[in-house]
Protein chains: 2
Amino acid sequence: MLKANHHAEPLGRREQNKIDTRQAIADAAFELARSVGPGAFTVDQVVERAGVSRRTFFNYFPSAEDALTVRMDLFIDLALGVFEQLPADEPLFGAIIRAFTETTRMEGLSQHGELFRMAGADPDLLRAQLHSWERAEARIAEALRARLGTAASELYLTALVGCVMSSTRAALRDWAVHTPPSAADSGRQLEARILAALTMLRDGFADPGALITPHPPDTPARS
Amino acid sequence: MLKANHHAEPLGRREQNKIDTRQAIADAAFELARSVGPGAFTVDQVVERAGVSRRTFFNYFPSAEDALTVRMDLFIDLALGVFEQLPADEPLFGAIIRAFTETTRMEGLSQHGELFRMAGADPDLLRAQLHSWERAEARIAEALRARLGTAASELYLTALVGCVMSSTRAALRDWAVHTPPSAADSGRQLEARILAALTMLRDGFADPGALITPHPPDTPARS
DNA sequence: ATGCTTTGTTGCACGGAGTGCAAAAATTGC
DNA sequence: GCAATTTTTGCACTCCGTGCAACAAAGCAT
């Protein structure tokens, strides 16, 4: 187990207030999205819940949907922190997989799945999430660049990161479809899928053999 | 060379008018984006150029940025048409690569690159494009599902398509960075990159060896 | 504590985005 | 040509997103 790298600096009241406000807004937005549905609430409703002014909201987020991507950004923060602590000589795919699984263990997954599922109902939320993945991709590519140095071409690097993210997203999608209610082993279900997808990637998708969920739905994949 | 599958049905005036209007709006939006920059023009300016009412614009597109993704959607139309005509026993990656290269030969690439580069300057356009890629992914997955039948799991299928799109996107990005002006061999440059990225994918990213553009920029990659 | 500087919040105002609705115009079928 | 259908348009309305200036809170020095 890796230590959490908490940045536990003194952190003045200025910084803390901003973090709190940001979180309050994000929480308010999430609760609203959960209760009335994504895209079915206004910024005014959010700020009323969060206890800030309308103008302040837009100081933090450019749109209501962006307040719903905070969780993913934080998730990437964690994952990158984990990744940077892994030994530099560990095999690449192994390190990536470990960074993901280690992170999913400290962060709850249910909300991510819930948000992912919400995106199916609201194009604007979907776009915000895609943008979030894009930002994450850039950040991860950055971290990988630091790890691999100039040994790898830019194309190799960006394509690899893109594929890792795509595979992870496919796993999330599959998981969201086949594990709608919060099942007991929900976490393991997702982990298994991410692992399966990344393994396919490592093998160049040579074997179409069904590892998880054949074609018909409702096959809980006894893993 | 494959035939273009032109759907040359009679096509009444209703249908034709809609197509024309759609195209007029898309063209007007593209010209504006090109001259004043993406995100720097209003819907009113677009509709004035296109010669339609403001309300009509929103009958066709939900936002100004969406009018700029028409080209990519059409590109996918073409590519899918090509893909479906390829022999069913052709190796998967080969078929995908061929579908792409065949399509790039009939469609101009410069506008795609231009739009791609524009997205770096306007978050909303970027989101619209990401959404467009997402739609394309779904459509391609559909086509692949028809081709592979139930032999492949959903996860395999969606992960594969996602990775193909990601690799292509990485190639586009690399190309857009290293080939800013419309160079003479612009088309071949892009083709080479897409091929390189998809080859990396097929090989499971086992070899970080620099195929195109080592690390430093401005290395035209003698192909 | 007191004042001074820096930084974050709020209200206001304004232009633009997006949508429901009903009237008007264009296309189609007969 | 006439009636039915489909598309375009104008209007009105709400909500979004932002520049600006006044205001409040935190930091800093004495």
**OP:** Using salt bridge (charged side-chain N to carboxylate O under 4.0 Å, His left out) as the criterion, list what pairs up with B/Arg13, not counting sequence neighbours.
**Re:** none

Subject >> Contacts of type side-chain contact (heavy atoms from CB on, under 4.5 Å), residue A/Ala143, not counting sequence neighbours >> reply: A/Leu80, A/Phe83

Original post:
Mind checking what makes side-chain contact (heavy atoms from CB on, under 4.5 Å) contact with B/Arg22, not counting sequence neighbours?
Top reply: B/Tyr60, B/Phe61

Can you list everything that forms a ring pair (Phe, Tyr, Trp, His ring centres under 6.0 Å) with [X]? Sequence neighbours excluded, please.
X	result
A/Phe100	none
A/Phe75	A/His112
B/Phe41	none

Subject >> Protein proximity profile, nucleotides 22-30 of chain C - base contact B, sugar-phosphate-only contact S, no contact -, cut-off 4.0 Å on heavy atoms >> reply: ----BBS--

Would you tabulate the nitrogen or oxygen pairs shorter than 3.5 Å linking the protein to nucleotides 3-5 of chain C?
none

Only distances under 3.5 Å count here; give the side-chain donor-acceptor pairs of residues 26-33 of chain B to other protein atoms, sequence neighbours excluded, each with its distance to 0.1 Å.
{"residue": "B/Asp27", "atom": "OD1", "partner": "B/Gln23", "partner atom": "NE2", "Å": "3.2"}
{"residue": "B/Asp27", "atom": "OD1", "partner": "B/Arg71", "partner atom": "NH2", "Å": "3.4"}
{"residue": "B/Glu31", "atom": "OE1", "partner": "B/Arg49", "partner atom": "NH1", "Å": "3.1"}

**OP:** Could you tell me which residues satisfy side-chain hydrogen bond (donor to acceptor under 3.5 Å, both in side chains) with A/Arg135, sequence neighbours excluded, listed by chain and number?
**Re:** A/Asp73

Original post:
How far does the helix from C/dA1-D/dT30 to C/dC30-D/dG1 bend, going by the axes of its first and last five pairs, to the nearest 10°?
Top reply: 30°

Please tabulate the protein-to-nucleotide N/O contacts below 3.5 Å involving nucleotides 13-17 of chain C, giving atom names and distances.
{"residue": "C/dA17", "atom": "OP1", "partner": "B/Val43", "partner atom": "N", "Å": "3.2"}

